[in-house]
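For reference, the structure is listed below as structure tokens.
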Amino acid sequence: KFQVVNYNMIKPLRWGAAQSRFLCSSSPEESKSRPSMLRHLTTKLKATGPITVAEYMREVLTNPVTGYYVRNNMLGPDGDFITSPEISQIFGELLGVWIISEWMGAGRPKQLQLVELGPGKGSLAGDVLRVLSQLRSVLGEASVSLHLVEVSPALSLLQAQNLTRSCSQEADSEDEPVYRRGETAAGLPVSWYRRLDDVPAGFSIFVAHEFFDALPIHKFQRTQKGWREVMVDIDPDKPDKLRFVVAPSPTLASSTLVQADERRDHVEVCAEGGVIVQQLSKRITEEGGAALIADYGHDGTKTDTFRGFKGHQLHDVLSSPGSADLTADVDFSYLRRMAGGGVACLGPVSQRTFLKNMGIDTRMQVLLRSCVDPTTRKQLISSYDMLTNPIKMGERFHFFSLLHHSRLAKPKKTEGLKLDKKKSPAPLPVAGFTDEKIWQ
């Protein structure tokens, strides 16, 4: 029999540590018209029995008919949360500088593919492209293109409107790897894909901002009989409610995803995130490039972080499925382990540390000196505080990077007596990660 999980036994996250998405109200009219995800799930559960938390998340967030991400208003003032790029353009500008810095550190390749996973409204990509346009002289003759990996048709349309205006077209067939193509006002090509695998090979800088936290997780509970997977089932006493239960015997996931030396009593593993990091690692190793992952998370220390966001407060993850965002903290120690030895991993470092290392203070001083409007000055200061304040986003969000080993290679020492005094140039420091430990 399945054992019911009592989550009162698990120490909850403090609100201050959990509230990483800054929330806004949803439309009540839209909520009424939404197809019933609960009805879909209860029908499924009656037919198959309990499902994994990963399958539950996948259905609730990405089901093509009733999934949360089918909605087109989850971001910004009219949605359920606001992300860093929506708070201030400075965030995207500094990431743009990081991208150019890594392109230069890689030897200025003739091709630069900017690939963003889960681009939201396209705000971050737009800010990055503006920096690339302003520094076009630095890029020289390099061929630059933008590649967006997005599963939501509604969001891809919004991204196209923000990045290409009316200069985009959908593919004739749904089987096409590139399901939408467009061009920015500056003539830069933009392509949309449903899967990372479909992005063409080539030197690429990958950016994933608040992407990994929304990927499905498996949850595991330590029991007297060993590790057991937490599942989702119908509450027999309340047929219109869902509940967590513990599988009576090992599942394939509980047998393969929990580390043998794991010391925690409750563990969340994002297997899908691990696969994506392996893909990124393979591409960087074979084609060159780098990946920058920005999200809230931990380094293998937290336990139960699975939660929902709706309106201005935390939301029960099993209540009104499909009406709220579901998320879990990213385990960067797991991503590092899954990246393997083919790449070097930097971080995680806090958002505050990363942005300050990237020069956010200097950028703010420049903007404030040139700003005379009191309202705009107030907005600039407020956005800076939101991004860097430790009790707001500053210490909640972290940055983590994957790099090609050659990027960090030390100059070879000259052997024997040689008259040539020329030395191999030292690699450029990796911006944003100053003085941080590097795992290679």
Side-chain angles (χ1 to χ4, degrees), residues 52-55 57-62 67 69 83 95 99 102 113-120 124-125 146-152 155-156 177-179 191-219 253 256-257 259 267-300 305-306 325-348 397-404 439:
T52 66
V53 174
E55 187 173 356
M57 283 187 74
R58 195 174 293 111
E59 282 287 346
V60 170
L61 295 178
T62 61
Y69 288 139
T83 59
L95 264 60
I99 289 165
E102 284 312 298
Q113 291 189 160
L114 173 59
V115 184
E116 186 176 2
L117 310 182
L124 177 59
L146 177 62
H147 305 262
L148 305 176
V149 180
E150 178 57 72
V151 298
S152 168
L155 279 178
S156 71
V178 183
Y179 69 85
S191 304
W192 279 262
Y193 313 82
R194 294 180 182 86
R195 304 184 312 143
L196 175 59
D197 276 345
D198 292 331
V199 177
F203 180 90
S204 303
I205 305 287
F206 301 91
V207 176
H209 177 260
E210 287 202 57
F211 170 77
F212 281 88
D213 68 274
L215 295 178
I217 58 162
H218 290 269
K219 290 176 74 70
T256 57
L257 294 180
Q259 293 294 297
V267 179
E268 296 168 338
V269 179
C270 181
E272 193 169 319
V275 170
I276 291 174
V277 163
Q278 288 179 329
Q279 292 174 334
L280 293 174
S281 177
K282 183 174 185 292
R283 293 178 68 118
I284 291 169
T285 301
E286 295 177 354
E287 304 287 340
L292 185 64
I293 299 170
D295 227 313
Y296 49 88
H298 58 94
D299 213 11
T305 71
F306 183 37
D325 184 31
L326 301 181
T327 180
D329 282 11
V330 177
D331 185 344
F332 290 107
S333 69
Y334 174 71
L335 297 189
R336 186 185 304 115
R337 187 163 63 246
M338 296 306 291
V343 293
C345 298
L346 277 67
F397 283 80
H398 293 80
F399 281 75
F400 182 79
S401 182
L402 309 178
L403 299 173
H404 194 280
W439 286 266

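This is a predicted model, so every value here is computed, not measured.
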Quick one: does any side-chain atom of Ser204 pair with a main-chain N or O of Gly202 as donor and acceptor, under 3.5 Å? yes
d(Thr256 OG1, His218 NE2) to nearest 0.5 Å is 8.0 Å
Looking at Ala290 and Leu403, what are the two nearest heavy atoms and their distance? CB-CD2, 3.4 Å
Measure from the side-chain N and O atoms of Ser401 to the backbone N and O of Leu346, and report whether any donor-acceptor pair falls under 3.5 Å. no
Closest heavy-atom pair, Ser152 versus Tyr69, reported as atoms and distance to 0.1 Å, is OG-O, 2.9 Å
Any side-chain heavy atom of Phe212 sitting closer than 4.5 Å to one from Val277? yes
Please give me the minimum heavy-atom distance between Pro216 and Cys270, naming the atom from each residue. O-SG, 3.4 Å
Could you report the tightest heavy-atom contact between Gln279 and Asp197, atom names first, then the distance? NE2-OD1, 3.2 Å
Would you call Asp198 and Val178 a side-chain contact if the rule is heavy atoms closer than 4.5 Å? no
Examine distances only and state if a side-chain atom of Glu268 and a backbone atom of Phe306 form a donor-acceptor pair shorter than 3.5 Å. yes
Could you tell me the separation between the CE atom of Met338 and the CG atom of Asp331, rounded to the nearest 0.5 Å? 11.5 Å
Once rounded to the nearest 0.5 Å, what's the spacing between atom CZ of Arg337 and atom CD of Gln259? 3.5 Å
With a distance cut-off below 6.0 Å to the six-membered ring centre and an angular limit of 45° from the axis, does Arg336 pair with Phe400 as a cation-pi contact? no
Leu95 side chain reached by His209 side chain, heavy atoms, under 4.5 Å: no
Single hit among Leu402, Leu280, Val343 for side chain to side chain contact (heavy atoms under 4.5 Å, CB included) with Thr285: Val343
Hey, what's the ring geometry for Tyr296 with Phe397, parallel, tilted or perpendicular (30° and 60° as the breaks)? perpendicular
Rounded to the nearest 0.5 angstrom, the CD-CZ distance for Glu102 and Phe203 is 8.0 Å
Side-chain heavy atoms of Thr305 within contact of Ile217, under 4.5 Å: no
Would you say the side-chain atoms of Glu150 pair up with the backbone N or O of Leu155, donor to acceptor, closer than 3.5 Å? no
Atom pair CD1 (Ile293) and NE2 (His398), whose distance is rounded to the nearest 0.5 Å: 14.0 Å
With a 3.5 Å distance limit and no angle check, can you tell me whether Arg195 reaches the backbone of Pro177 through a side-chain donor-acceptor pair? no
Output for pair (Leu215 CG, Met57 CE), nearest 0.5 Å, gives 7.5 Å
Which atoms form the tightest heavy-atom contact between Arg283 and Leu196, and what is the distance? NH1-O, 3.4 Å
Identify the heavy atoms of Gly300 and Ser333 that sit nearest to each other, and give their distance. CA-OG, 3.3 Å
Quick one: does Asp295's side chain have a donor or acceptor within less than 3.5 Å of a partner on Phe211's backbone? yes
Between the side chain of Asp213 and the main-chain N/O of Val330, is any donor-acceptor distance below 3.5 Å? no
